[in-house]
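To keep things clear, I will list the structure first and then write my remarks on it.
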Amino acid sequence: LTPIPVTEAELAARVVAVATTPFDVTTQVPLRIELFRLGDEEHVLVVVVHHIAADGFSIAPLTVDVVTAFASRAAGLLPAWTPLEVQYADYALWHRSLLGDPADPESVAARQLAYWRETLAGLPGELSLPQDRPRPAAPSGVGASLRFEIPAQTYELVRDLARERRATPFMVVHAALSVALSRISGSTDICVGTAVAGRGSAELDPMVGMLVNTLVLRLSVDEGASVIDLVDDARGAALSAFAHADVPFDMVVDAVAPARSSSLFRVALAYQNTE
């Protein structure tokens, strides 16, 4: 790496420029690194990875690798990385072998696709949510983030309810989100998307790679049901979906609704618990 001299005032813009420059993954390695020099004793290392090569879970092991390399080089040594038990190529081959041939009714792929066809059969039309402006003819890709905090007392209630029903805070929040979506849309059939890490084996934890999959959580919101009932239903929906999370989402879309839009849900709920 050749250090690039920058001033403190320039740094933020230069980092953003490195991070937002698109990759052409047909011709480029999906990894970009720049080293900015603020002075003799201060540098900023920018590491950008395309999502095709790394997921959110990967950031922790990637950071460990970088810090290990830095500490080793600073001591005049070669980086002492711990060899991985399995490489990403091993994972890819294992996953393909696990799924088997979808045409074989006894394969994991065929059984899980049959589950999703049954679970997502008769999906309603697109969830009708209020909009503050007309939908553009083509997606703009423009979005925004709205941050807010849940009061500690509310979180404690969520956690306690989850423990009482042998569920997780994610399942309780999913139930609450489904109620909110039902009330503002007028629909009782609510589908919410969620991402799963796809790392069912400890050997995969130190690996940098794209292992994430997408699931659809379908919940029937009965106005006469209690909160307890909804949390129990959300728990059942999540556990059932997690048990059928090996088949890639694009295969589920093709199997469930080839004539529909590729989106089987309009709202996603992500639980960011990565380090």
Side-chain angles (χ1 to χ4, degrees), residues 1-84 86-89 91-92 132-133 135-150 193-199 204-214 249-250 262-263 266-275:
L1 292 174
T2 302
I4 302 171
V6 299
T7 66
E8 188 80 38
E10 297 171 332
L11 179 62
R14 296 295 294 269
V15 171
V16 169
V18 174
T20 57
T21 300
F23 285 95
D24 180 356
V25 294
T26 64
T27 62
Q28 296 175 300
V29 173
L31 173 70
R32 180 183 300 128
I33 304 176
E34 294 281 7
L35 181 63
F36 294 117
R37 185 170 72 88
L38 288 168
D40 292 341
E41 300 295 326
E42 187 173 7
H43 295 72
V44 175
L45 180 69
V46 184
V47 181
V48 185
V49 190
H50 193 288
H51 210 341
I52 200 172
D55 51 26
F57 198 99
S58 298
I59 301 305
L62 177 60
T63 302
V64 169
D65 285 348
V66 172
V67 171
T68 299
F70 180 85
S72 300
R73 295 294 185 182
L77 304 172
L78 293 175
W81 291 303
T82 303
L84 293 175
V86 292
Q87 298 288 332
Y88 188 81
Y91 160 78
D132 60 356
R133 68 197 71 191
R135 173 180 291 182
S140 67
V142 176
S145 296
L146 175 65
R147 293 182 176 272
F148 62 93
E149 293 186 1
I150 296 175
T194 194
V196 289
R199 296 174 185 254
L204 301 177
D205 288 350
M207 180 189 295
V208 175
M210 177 57 184
L211 282 68
V212 168
N213 197 15
T214 302
F249 182 62
D250 58 326
S262 60
S263 176
R266 193 170 173 189
V267 175
L269 174 61
Y271 182 53
Q272 300 289 356
N273 62 334
T274 53
E275 297 181 17

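Listed here is the closest heavy atom pair of V25 and P30: CG1-CB, 4.5 Å. When all heavy atoms are compared, the tightest approach of Q28 to D24 is OE1-N, 2.6 Å. Residues A54 and V49 approach most closely at CB-CG1, 3.5 Å, considering heavy atoms. Annotation for V18 and R32: closest pair O-NH1, 2.9 Å, computed over non-hydrogen atoms.
Partners of T214 under the side-chain contact (heavy atoms from CB on, under 4.5 Å) rule, at least two apart in sequence or in another chain, are F249, F265. Scanning for salt bridge (charged side-chain N to carboxylate O under 4.0 Å, His left out) contacts around R37 gives D40, with sequence neighbours left out. Taking R266 as the reference, Q131 meet the side-chain hydrogen bond (donor to acceptor under 3.5 Å, both in side chains) condition, with sequence neighbours excluded. In this structure R133 satisfies the salt bridge (charged side-chain N to carboxylate O under 4.0 Å, His left out) test with no other residue, sequence neighbours excluded. When the ring pair (Phe, Tyr, Trp, His ring centres under 6.0 Å) test is applied to Y88, the partners found at least two apart in sequence or on another chain are Y91. By the side-chain contact (heavy atoms from CB on, under 4.5 Å) test, A195 is found to be paired with V212, residues two or more places apart in sequence or in another chain being considered. Not counting sequence neighbours, N213 has no partner by the side-chain hydrogen bond (donor to acceptor under 3.5 Å, both in side chains) test. For T20, the side-chain hydrogen bond (donor to acceptor under 3.5 Å, both in side chains) criterion is met by no residue, not counting sequence neighbours.
Other residues, nucleotides and ligands contribute more than 12 heavy atoms inside 6.0 Å of the CG atom of L35.
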Residues 1-16, side-chain donor-acceptor partners within the protein, below 3.5 Å, at least two apart:
from : atom 1 : to  : atom 2 : distance (Å)
T7   : OG1    : E10 : N      : 3.2
T7   : OG1    : E10 : OE1    : 3.4
E10  : OE1    : T7  : N      : 3.0

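The side-chain heavy atoms of R199 and S58, taken from C-beta on, include a pair separated by under 4.5 Å. Residues D205 and P61 form no side-chain contact, since every pair of their non-hydrogen atoms from C-beta on lies 4.5 Å or further apart.
Evaluation of the side chain to side chain donor-acceptor pair (under 3.5 Å) test over residues 62-82, restricted to residues two or more places apart or in two chains, returns none. Applying the side chain to side chain donor-acceptor pair (under 3.5 Å) definition to pairs two or more places apart or across chains, none involves residues 137-147. For the ring-ring contact (aromatic ring centres under 6.0 Å, His included) condition, the pairs that include at least one residue of residues 26-65, sequence neighbours left out, are F23-H50.
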